There are 2 protein chains.
Amino acid sequence: MPTAAPARSEQFTITELRREFDVSARTLRFYEDKGLLTPHRDGQARIYGYRDRARLGLVLRGKRMGFSLAEIKEMLDLYNLKDGQVTQLEVSLEKSRERIASLHEQRNEIDDVISDLERACDVIEGMLTEKRREQSPCRLDEALATE
Amino acid sequence: MPTAAPARSEQFTITELRREFDVSARTLRFYEDKGLLTPHRDGQARIYGYRDRARLGLVLRGKRMGFSLAEIKEMLDLYNLKDGQVTQLEVSLEKSRERIASLHEQRNEIDDVISDLERACDVIEGMLTEKRREQSPCRLDEALATE
DNA sequence: ACTAACGCTGACGTTAACGTCAACCTGTTT
DNA sequence: AAACAGGTTGACGTTAACGTCAGCGTTAGT
């Protein structure tokens, strides 16, 4: 009767996972040491489930955003409350909100950098059109002039 | 009167800068080694100008965004072309645009994480109100079982 | 003159996040 | 049986980004 779980095993070996996400096996084992992944075993071999696969995706996204593995773990643990006490839930809620706030800040900084770089692009384009117009017939002179 | 204005010197000592930005002196010297800052000297002592101060701000912003010092240096060098050759300008322009594109991606990922966390907050809040009313079992993992 | 504050230069230590390598097991193919 | 592909566990190496510490030189105040 308790065959509620789908017999369709959505399991991955370590190489499957590492190819899909383009990471090394060493990295996956390292993440396991750090508690970011928790595959079970078939004998000695690791077997990753759907959950681990999803978490790995989140870890890598976190990394692309510049978070440390410790920070990422903290964020992941927010999804894993299962049956926390009320106080634990409250703490998690506060942490989530802090994280959200800092992410908004980060977003704003990114916006700033983007507009900075866009202005820089405009300037470079201006320099390029100007440089191309003067066709530099005397390149040698210029080269010699600028020591 | 070719007197340079040393009266209100826009110069900073290492401790002034480190206090303003809350970094260590070691860090400032390290950034100098890496070519991110280029203070001149009064005898042995470093003297930072407005330019260095601005660059330091950009470096720290870049760090908050998760960039390595090498990447930050590349971005800073985009502001420093002065009078490059045409090909160099073209390269810089392309690099700037790539950087802008990747920043847009990063921004989108941040948005994704933000909405993930906001949903998690909603779920946690739901669990809290329910928990406070009665001692019912909670199932955050099922509630979050996105796909 | 002495000390305290501030600054400098090495040089070694540290942490995070892996890479690399050796040695081993294990099932499958040749 | 031998080799091979894929997996495992240590253990040590590496890089980035600093921290820390020792030793030394200059002013400024007492």
Side-chain angles (χ1 to χ4, degrees), chain A residues 9-49 52-53 55-77 99 102 106 109, chain B residues 6 9 11-49 52-53 55-77 99 102 106 109:
Chain A
S9 62
E10 290 165 338
Q11 313 192 126
F12 313 89
T13 168
I14 195 169
T15 27
E16 284 168 4
L17 215 58
R18 94 182 189 76
R19 280 197 186 132
E20 177 176 355
F21 288 94
D22 193 37
V23 297
S24 71
R26 177 70 176 87
T27 297
L28 294 178
R29 298 191 195 106
F30 182 73
Y31 289 172
E32 186 177 348
D33 282 353
K34 294 290 171 175
L36 293 166
L37 303 177
T38 52
H40 3 111
R41 302 300 184 101
D42 170 19
Q44 251 193 338
R46 289 167 176 81
I47 296 201
Y48 299 88
D52 286 310
R53 185 178 165 284
R55 285 177 69 100
L56 177 56
L58 292 174
V59 169
L60 296 179
R61 192 166 70 175
K63 287 210 62 187
R64 286 195 299 271
M65 292 168 45
F67 292 111
S68 73
L69 293 184
E71 288 174 308
I72 292 169
K73 179 167 164 43
E74 241 197 75
M75 295 174 69
L76 282 181
D77 289 347
R99 194 95 263 178
S102 94
Q106 233 180 323
E109 290 195 308
Chain B
S9 59
Q11 300 183 340
F12 313 88
T13 167
I14 196 170
T15 26
E16 284 168 2
L17 214 59
R18 95 182 189 76
R19 280 195 187 133
E20 178 176 355
F21 288 93
D22 192 36
V23 297
S24 72
R26 176 71 177 87
T27 297
L28 294 178
R29 298 191 196 107
F30 182 73
Y31 288 172
E32 185 177 349
D33 281 354
K34 293 290 172 175
L36 293 166
L37 303 177
T38 52
H40 33 102
R41 302 299 184 103
D42 171 19
Q44 251 194 339
R46 288 167 176 81
I47 295 199
Y48 299 89
D52 287 310
R53 185 177 166 284
R55 284 177 68 100
L56 178 56
L58 293 173
V59 169
L60 297 179
R61 192 166 69 173
K63 286 210 62 188
R64 285 195 299 271
M65 293 168 44
F67 292 111
S68 72
L69 294 185
E71 289 174 307
I72 292 170
K73 178 165 165 46
E74 242 197 73
M75 297 174 69
L76 282 182
D77 289 346
R99 193 95 263 178
S102 92
Q106 223 177 322
E109 290 194 309

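Quantities reported herein were computed from a predicted structural model and do not represent experimental measurements. Each chain gets a letter, A, B and so on, in the order its sequence line appears, and its residues count up from 1. These numbers come from the heavy atoms of this one structure, side chains and all, not from hydrogens, waters or symmetry mates.
- Taking only side-chain nitrogens and oxygens, K34(A) never comes nearer than 4.0 Å to OP1 or OP2 of dA16(C).
- Out of dT8(D), dG19(D), dA17(C), the shortest distance to the side chain of T27(B) is found at dG19(D).
- The CD1 atom of I14(A) sits 12 Å away from the C1' atom of dT9(D) (whole-angstrom rounding).
- Here dA16(D) presents its C1' atom at 19 Å from CZ of R29(B), a figure rounded to the nearest Å.
- In this structure, of dA17(D), dG19(D), dG7(D), it is dA17(D) that holds the atom nearest to the side chain of K63(B).
- Here T13(A) reaches the OP1 or OP2 of dG7(D): one of its side-chain N or O atoms lies under 4.0 Å away.
- Note on R46(B): a side-chain N or O is less than 4.0 Å away from OP1 or OP2 of dC8(C).
- Atom NE2 of H40(A) and atom C1' of dT8(D) are 18 Å apart (whole Å).
- For the salt bridge (charged side-chain N to carboxylate O under 4.0 Å, His left out) with E32(B), the qualifying choice from R41(B), R55(B), R26(B) is R41(B), the only one to do so.
- One finds a side-chain N or O of Y31(B) lying less than 4.0 angstrom from the OP1 or OP2 phosphate oxygen of dC18(D).
- Considering only the side chain of L69(B), dC18(D) comes nearest among dG7(D), dC8(C), dC18(D).
- Between the P atom of dA5(C) and the CZ atom of R18(B) lies a distance of 14 Å, rounded to the nearest Å.
- Among the atoms of the strands shown, only primed sugar atoms or phosphate atoms (P, OP1, OP2) are found under 4.0 Å from some heavy atom of R41(A).
- Between A25(B) and A70(A), the residue anchored nearer the 5' end of DNA chain C, judged by the nucleotide with its closest heavy atom, is A25(B).
- If you take CZ of F30(A) and C1' of dC12(D), they are 15 Å apart, rounded to a whole angstrom.
- By the 4.0 Å N-to-carboxylate-O rule, R53(A) lies too far from E10(A) to be salt-bridged with it.
- Relative to the side chain of T15(A), the nucleotides dG7(D), dC6(C), dC18(D) differ in distance, and dG7(D) lies closest.
- Out of dC18(D), dG7(D), dG19(D), the shortest distance to the side chain of A45(A) is found at dG7(D).
- Here the options are M65(B), R64(B), K63(B), the test is side-chain contact (heavy atoms from CB on, under 4.5 Å), and the partner is F67(B); only M65(B) passes.
- As a whole-Å value, the separation of Q44(A) CD from dT26(C) P is 7 Å.
- Going from atom CD of E71(A) over to atom P of dA17(C) covers 9 Å, rounded to whole Å.
- One N or O on the side chain of S68(A) and one on the backbone of E71(A) form a donor-acceptor pair closer than 3.5 Å.
- For D33(B), the CG atom is densely surrounded, since the number of other residues' heavy atoms within 6.0 Å is greater than 12.
- Between R26(A) and I47(A), the residue whose closest nucleotide on DNA chain D is further toward the 5' end is I47(A).
- Atom C1' of nucleotide dG19(C) and atom CG of D33(A) are separated by 15 Å, given to the nearest angstrom.
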